[in-house]
Amino acid sequence: MSKGLFISFEGIDGAGKSTHIDALARAFRDAGRVVTLTREPGGTPLAEKLREMLLHDGMDPLTEALLAFAGRRDHLRCVIEPALARGEVVLCDRFTDATFAYQGAGRGFDPQVLSYLEKLVQTGLADDKALLRNPDVTIWFDVPPEVAAQRLAAARAPDRFEAQPQAFFERVAGGYAARAAGDPARFARIDSSGDRGDVAMQVMEAMRSRGLLCESACPSGGRRP
Ligand code: TYD
């Protein structure tokens with residue numbers, strides 16, 4: 001049986017990660033892997049309800065952080081850990097780095113408390129009860145906040161986070177950079193200011209250079225040449 005593989009996707013709103021997650025799912029499926037595609041906030045019926053609150057109801061940063069971690073616990077317990085135990089590839093649109101970036105750097109909430117919650121929520125669920133579950137690889141779509149803001153302006157009605165001013169996203173971007181600096185082996189930085197094809201190539205290269213997908217895996221059509 002294949003070993004489970006946990007990959008998260010991060011970046012400020014407007015960084016353009018969504019299409020690349022689907023393409024990577026196709027590439028892993030083409031390579032014969034079973035893929036669980038999921039997201040945070042959300043990923044379970046309970047956590048999806050919490051997502052609705054987090055994205056649309058007014059609340060303070062502590063409440064935001066607690067809701068994000070409450071949903072994460074349910075998500076890990078019901079979806080992520082079982083999929084990894086079955087040897088699947090779990091592709092998760094955002095995970096804990098988003099809490100550090102948005103609630104920590106963006107909202108100014110105490111990162112030490114976030115670290116405590118991270119330990120509390122992300123341990124005790126795998127076979128190794130001491131393991132602090134975090135992604136094996138985090139694909140970080142890094143884009144200047146002004147470029148992201150232009151992309152968002154052309155998109156649908158904004159949620160509570162997307163409606164924030166650029167200064168907020170500058171702090172969030174700084175939060176991601178700090179998380180990446182703290183764990184450089186886990187983070188694959190993608191320059192996502194270019195066009196979709198260029199970003200797709202970088203994502204596939206990040207996978208190949210880590211030995212996670214072979215040369216023949218195709219990002220766009222999902223077929224091998
Ligand atoms: P996003 O991936 O942007 O969803 P969509 O593409 O459907 O808009 O995520 C939703 C928002 O949630 C995003 O603005 C970041 C925010 N968020 C937090 O503030 N804290 C968290 O812990 C997570 C996971 C997300």
Side-chain angles (χ1 to χ4, degrees), residues 6-25 37-44 46-76 79-80 90-111 113-122 133-135 138-143 145 147-176 178-179 190 192 196 199 203:
F6 183 16
I7 301 178
S8 65
F9 299 80
E10 299 282 0
I12 60 175
D13 289 279
K17 58 189 162 47
S18 302
T19 50
H20 302 290
I21 303 177
D22 291 338
L24 200 54
L37 203 52
T38 190
R39 70 172 180 182
E40 290 208 352
T44 68
L46 174 74
E48 289 291 330
K49 288 187 204 163
L50 299 178
R51 176 189 175 94
E52 278 305 301
M53 297 179 201
L54 200 52
L55 297 195
H56 302 293
D57 298 347
M59 64 189 78
D60 79 326
L62 172 58
T63 313
E64 278 183 13
L66 292 174
L67 288 187
F69 274 114
R72 185 160 300 133
R73 177 74 180 180
D74 196 56
H75 191 204
L76 277 167
V79 174
I80 297 175
V90 176
L91 301 183
C92 191
D93 188 348
R94 301 192 185 281
F95 197 65
T96 303
D97 298 308
T99 317
F100 279 87
Y102 280 77
Q103 281 67 50
R107 300 281 199 220
F109 188 72
D110 186 349
V113 178
L114 296 181
S115 294
Y116 173 74
L117 290 171
E118 180 184 33
K119 284 197 195 77
L120 189 70
V121 165
Q122 294 167 223
R133 177 66 74 192
N134 253 320
T138 294
I139 301 183
W140 169 34
F141 294 85
D142 191 20
V143 67
V147 175
Q150 279 164 14
R151 290 178 182 167
L152 279 182
R156 64 196 188 292
D159 61 35
R160 278 177 71 233
F161 295 103
E162 290 163 348
Q164 292 294 314
Q166 195 172 310
F168 175 81
F169 289 109
E170 273 158 19
R171 294 196 297 276
V172 174
Y176 277 124
R179 286 288 280 181
I190 305 294
S192 73
R196 196 176 286 183
V199 175
V203 171

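Just so you know, ligand 1 is whichever comes first in the structure, and atom 1 is the first atom listed for that ligand. Computed over heavy atoms, backbone and side chain alike; hydrogens, waters and symmetry mates excluded.
Between the side chain of S192 and the main chain of G16, no donor-acceptor pair closer than 3.5 Å is present. A donor-acceptor pair is defined here as one N or O able to donate and one able to accept, closer than 3.5 Å; such a pair exists between the side chain of E48 and the backbone of G43. With R51 contributing its side chain and G42 its backbone, the two residues share no donor-acceptor pair below 3.5 Å. R72 places no side-chain N or O within donor-acceptor distance of the main-chain N or O of L67, the cut-off being under 3.5 Å.
Heavy-atom proximity to R72, at under 4.0 Å, picks out these atoms of ligand 1: 22 (O), 24 (C). Taking every non-hydrogen atom of D93 and a distance limit under 4.0 Å, the qualifying atoms of ligand 1 come out as 2 (O). Numbered from 1 in the order shown, with element, the atoms of ligand 1 that lie under 4.0 Å from a heavy atom of T99 read 21 (C), 22 (O). Listed by number with element, the atoms of ligand 1 under 4.0 Å from a non-hydrogen atom of A68 are 22 (O).
For the residues E40, R94, Q103, E64, the heavy atom positioned nearest atom 21 (C) of ligand 1 is part of Q103.
The shortest N or O to N or O distance between R51 and ligand 1 is under 3.5 Å. In terms of N/O distances under 3.5 Å, ligand 1 is not approached by S18. Not a single N or O atom of R39, backbone or side chain, sits closer than 3.5 Å to an N or O atom of ligand 1.
When non-hydrogen atoms are compared, ligand 1 lies under 4.0 Å from the backbone of P41 as well as from its side chain. Only side-chain heavy atoms of D13 come within less than 4.0 Å of ligand 1; its backbone N, CA, C and O stay farther off. Residue T96 does not touch ligand 1, judged by heavy-atom distances below 4.0 Å. Residue contacts with ligand 1, taken as heavy atom pairs separated by less than 4.0 Å, involve L55 solely via side-chain atoms from C-beta onward. Only side-chain heavy atoms of E162 come within less than 4.0 Å of ligand 1; its backbone N, CA, C and O stay farther off.
Cation-pi geometry between R179 and Y176 is not met at under 6.0 angstrom from the ring centre and within 45 degrees of the axis.
Scanning the protein for heavy atoms near atom 6 (O) of ligand 1, the closest one is R156 NH2, 4.0 Å. Among protein heavy atoms, atom 23 (C) of ligand 1 sits closest to A98 CB, 3.6 Å.
Of all heavy-atom pairs spanning M59 and D57, the tightest one is CE-O, 3.3 Å.
Ring planes of F141 and H20: parallel class, angle under 30° (limits at 30 and 60°). Using cut-offs of 30° and 60° on the angle between ring planes, the pair F6 and F95 is perpendicular.
For R160, the CZ atom sits in a packed shell: over 12 heavy atoms of surrounding residues, nucleotides or ligands are nearer than 6.0 Å.
Side chain to side chain, Y102 and D13 meet the donor-acceptor criterion of an N or O pair below 3.5 Å.
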